[in-house]
Amino acid sequence: MELELEPLRLPSDNERPFVIAGPCSAETEEQVMSTARQLKEKGCHNFRAGIWKPRTKPGGFEGHGEKALPWLRQVKEETGMLVSTEVATPEHVELALKYGVDILWVGARTSANPFAMQALADSLKGVDIPVFVKNPVNPDLELWIGALERLNQAGVKRLGAIHRGFSSYDKKIYRNLPMWQIPIELRRRIPALPMICDPSHIGGRRELIAPLCQQAMDLGFDGLIVESHCSPDEAWSDAKQQVTPDVLDYILSLIIVRDEKVTTEDIKVLRGQIDELDNQLMELLAKRMRVCREIGQYKKEHNMTILQTNRYNEILEKRGAQGALCGMAPDFVSKVFENIHEESVRQQIEIINQ
């Protein structure tokens with residue numbers, strides 16, 4: 001379905017990307033107000049803080065709940081910033097609205113649960129408030145879009161998406177793998193949907209926030225949601241991924257926001273070359289598949305199995321080495337040839353079963 005959207009029109013500094021900033025958790029009134037005042041001094045217009053913070057395992061700090069909502073209201077009254085928090089249940093929505101929260105967002109674990117999303121959507125019927133939806137913990141674009149659709153069908157038209165990366169058992173550089181191709185595809189499918197990046201949860205470490213912010217801007221994201229704490233090393237949750245307002249201000253001062261609408265004749269010429277090369281690639285792939293079908297016919301006539309493991313391993317090894325020599329990442333080359341092989345097998349199965 002096509003989403004029926006209205007502009008968010010949230011305040012921002014025209015010289016910088018749209019930013020929502022604040023601590024992971026609202027820990028104390030003093031911590032919330034100190035962070036908010038510092039962010040306001042740095043020109044921040046949108047404040048965030050977690051009120052309900054269920055952790056992966058029980059036993060840690062899980063938020064103060066309703067007790068902390070008056071602190072957000074105080075931030076709003078004293079600084080003039082809009083305030084936002086995460087909601088996961090209809091009760092959260094009711095309380096957030098009661099205390100004048102301006103922006104809501106839905107977390108990754110909630111967006112992965114259609115039952116929870118429908119309950120939230122039902123609780124937001126008739127409510128005109130901006131709602132951002134984080135990507136599900138697993139890399140499932142349809143589930144992400146489904147969460148957005150449920151809210152939209154309930155009448156929420158000021159919608160946005162938050163890219164916070166995807167959980168992986170094999171953690172290397174990032175806390176959550178960016179898998180940029182998924183939000184890029186979401187942008188292609190729903191061009192009018194505002195999209196902001198959460199570098200704090202993608203990186204999991206404060207030293208990764210700056211490069212992730214710039215990468216998001218280079219990919220055309222509309223803004224950022226960043227965890228900022230007056231004393232991050234003493235934070236009660238996610239201390240390693242939070243930065244001070246001073247550091248955040250410095251990071252934002254270095255960001256280059258590129259204009260995707262500007263184009264030149266040189267770019268048009270280069271894009272024309274890309275189109276021509278893509279056409280050649282498609283022709284070569286078609287020729288390769290024709291040869292694969294001939295091999296499938298040979299295997300059928302000689303009662304051979306389709307999958308020849310040694311040959312498959314040989315292709316991956318050789319093409320990976322060739323790709324490295326050509327300046328391409330081995331993982332990229334492997335994925336390309338895994339997909340080509342999968343399609344080749346599919347076509348040979350058709351031949352053998354005819």
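Numbering of residues begins at 1 and proceeds along the displayed sequence. This is a predicted model, so every value here is computed, not measured.
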Could you go step by step and tell me if Phe332 and Val336 meet the side-chain contact (heavy atoms from CB on, under 4.5 Å) rule? CA-CA 6 Å; Phe332 163 73; Val336 168; 3.7 Å; yes

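- Taken from OG in Ser200 to NZ in Lys240, the straight-line distance is 15.0 Å, to the nearest 0.5 Å.
- Counting only heavy atoms from C-beta outward, the side chains of Arg319 and Ile340 never approach each other to under 4.5 Å.
- Here the rule is side-chain hydrogen bond (donor to acceptor under 3.5 Å, both in side chains) with His229, and of Gln38, Glu234, Gln241, Glu27 only Glu27 fits it.
- The side-chain heavy atoms of Phe166 and Val137, taken from C-beta on, include no pair separated by under 4.5 Å.
- Between the side chain of Lys76 and the backbone N or O of Leu82 there is no donor-acceptor pair closer than 3.5 Å.
- Closest heavy-atom contact between Ala21 and Leu39: O-CD1, 3.7 Å.
- The CZ atom of Arg150 lies 12.0 Å from the OG atom of Ser111; values are rounded to the nearest 0.5 Å.
- Side-chain contact between Tyr298 and Met304 is present, with heavy atoms from C-beta onward closer than 4.5 Å.
- For Gln348 against Gly296, the heavy-atom pair with the smallest separation is CG-CA, 3.8 Å.
- Taking the six-membered ring where tryptophan is involved, the planes of His92 and Trp52 are essentially parallel, since the angle between them stays under 30° and well short of 60°.
- If you run side chain to side chain contact (heavy atoms under 4.5 Å, CB included) between Ile196 and each of Leu224, Ile225, Val19, only Ile225 comes through.
- Pro23 places none of its side-chain heavy atoms less than 4.5 Å from the side chain of Glu227.
- When the side chains of ILVMFWY residues are joined at heavy-atom separations under 4.5 Å, either directly or via intervening members, Ile184 and Phe132 end up in two distinct hydrophobic clusters.
- Closest approach of Cys213 to Ile251, counting heavy atoms only: SG-CG2, 4.3 Å.
- Under 4.0 Å is where a charged nitrogen must lie from a carboxylate oxygen, and between Lys67 and Glu29 no such pair does.
- The existence of a salt bridge linking Lys98 and Glu66 is confirmed by a sub-4.0 Å separation between a basic side-chain nitrogen and an acidic carboxylate oxygen.
- Using modelled atom types, no side-chain atom of Arg187 and backbone atom of Ala192 make a donor-acceptor pair closer than 3.5 Å.
- The aromatic ring centroids of His163 and Trp180 lie less than 6.0 Å from each other.
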Report the C-alpha distance between Lys134 and Glu86 in whole Å, list the side-chain angles of each, state the deciding distance to 0.1 Å, and finish with yes or no for salt bridge (Lys or Arg N to Asp or Glu O under 4.0 Å). CA-CA 10 Å; Lys134 288 194 174 186; Glu86 177 181 346; 5.6 Å; no

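- Gln181 and Glu185 form no side-chain donor-acceptor contact under 3.5 Å, judged by distance and modelled atom types alone.
- Remark: side-chain polar atoms of Thr79 are not paired, donor with acceptor, to backbone N or O of Arg37 under 3.5 angstrom.
- Hydrophobic clustering, with ILVMFWY side chains joined whenever heavy atoms are under 4.5 angstrom apart, keeps Ile103 apart from Trp71.
- The only option from Arg206, Arg205, Arg175 that meets the salt bridge (Lys or Arg N to Asp or Glu O under 4.0 Å) definition with Asp238 turns out to be Arg175.
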Working note: Glu350 + Arg346, criterion salt bridge (Lys or Arg N to Asp or Glu O under 4.0 Å); need CA distance, chi angles, decisive distance, verdict. CA-CA 7 Å; Glu350 286 188 353; Arg346 187 193 68 79; 2.8 Å; yes

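- Hydrophobic clustering of Ile, Leu, Val, Met, Phe, Trp and Tyr side chains at less than 4.5 Å, counting indirect connections, keeps Phe47 apart from Ile20.
- Counting heavy atoms from C-beta on, the side chains of Leu219 and Cys197 never come closer than 4.5 Å.
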Set out, in order, the CA-CA distance, both residues' side-chain angles and the distance that settles side-chain contact (heavy atoms from CB on, under 4.5 Å) for Ser12 and Arg16, then state yes or no. CA-CA 8 Å; Ser12 63; Arg16 290 182 173 181; over 6 Å; no

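- Sparse packing is recorded around CD of Glu2, with 12 or fewer heavy atoms of other residues, nucleotides or ligands lying under 6.0 Å away.
- The nearest pair of heavy atoms linking Ile182 to Leu141 is O-CD1, 4.1 Å.
- By the criterion of side-chain heavy atoms lying less than 4.5 angstrom apart, applied directly or through intervening Ile, Leu, Val, Met, Phe, Trp or Tyr residues, Leu193 is not grouped with Ile162; the two fall into different hydrophobic clusters.
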Test salt bridge (Lys or Arg N to Asp or Glu O under 4.0 Å) on Asp278 and Arg271; report intermediate values, then the result. CA-CA 10 Å; Asp278 285 345; Arg271 285 175 175 166; over 6 Å; no

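- Residue Glu343 qualifies as enclosed at atom CD: its count of foreign heavy atoms under 6.0 Å is above 12.
- Here the side chain of Asn152 pairs no donor or acceptor atom with the backbone of Leu3 at under 3.5 angstrom.
- Linking Ile, Leu, Val, Met, Phe, Trp and Tyr whenever their side-chain heavy atoms come within less than 4.5 Å puts Val156 and Leu186 in one cluster.
- Ser334 places a side-chain N or O within donor-acceptor distance of the main-chain N or O of Pro330, the cut-off being under 3.5 Å.
- Using a 4.5 Å heavy-atom threshold, the side chains of Arg164 and Asn176 count as touching.
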Criterion side-chain contact (heavy atoms from CB on, under 4.5 Å) on Gln347 and Cys292, from CA distance to verdict: CA-CA 8 Å; Gln347 295 202 17; Cys292 286; 5.8 Å; no

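- Taking NZ of Lys287 as the reference point, atom CG of Leu284 lies at 6.0 Å (rounded to 0.5 Å).
- Electrostatic pairing of Lys157 and Asp128 does not count as a salt bridge here, judged by no charged N lying under 4.0 Å from a carboxylate O.
- In this structure the side chain of Leu248 never reaches within 4.5 angstrom of the side chain of Lys42, judged on heavy atoms.
- For Phe61 and Trp236, the gap between ring centers is short of 6.0 Å.
- Counting all heavy atoms, side chain and backbone alike, Ile202 lies closest to Gly165 at CG1-N, 3.5 Å.
- Counting heavy atoms of neighbouring residues, nucleotides and ligands inside a 6.0 Å radius, atom CD of Glu342 does not exceed 12 of them.
- For the atom pair CD1 of Ile190 and CE of Met195, the computed distance is 8.0 Å after rounding to the nearest 0.5 Å.
- Between Ile349 and Val345, the closest side-chain pair of non-hydrogen atoms falls below 4.5 Å.
- Of all the heavy atoms in Pro245 and Ser228, the pair that sits closest is N-OG, 3.3 Å.
- Not less than 6.0 angstrom separates the ring centroid of Phe337 from the ring centroid of His341.
- The line from OG1 of Thr85 to CG of Leu95 is 11.0 Å long, rounded to the nearest 0.5 Å.
- Residues Glu338 and Lys335 are not paired through a salt bridge, judged by the lack of any N-O separation under 4.0 Å between the basic side chain and the carboxylate.
- Of the inter-residue distances, the one linking Met117 atom CE with Asn113 atom CG reads 9.5 Å to the nearest 0.5 angstrom.
- Between the side chain of Asn279 and the main chain of Asp275, a donor-acceptor pair closer than 3.5 Å is present.
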Residue pair Leu10, His45: steps toward the side-chain contact (heavy atoms from CB on, under 4.5 Å) verdict: CA-CA 9 Å; Leu10 301 177; His45 301 280; over 6 Å; no

Applying salt bridge (Lys or Arg N to Asp or Glu O under 4.0 Å), run through Glu314 and Lys318 and close with a yes or a no. CA-CA 6 Å; Glu314 179 187 348; Lys318 285 185 177 179; 2.9 Å; yes

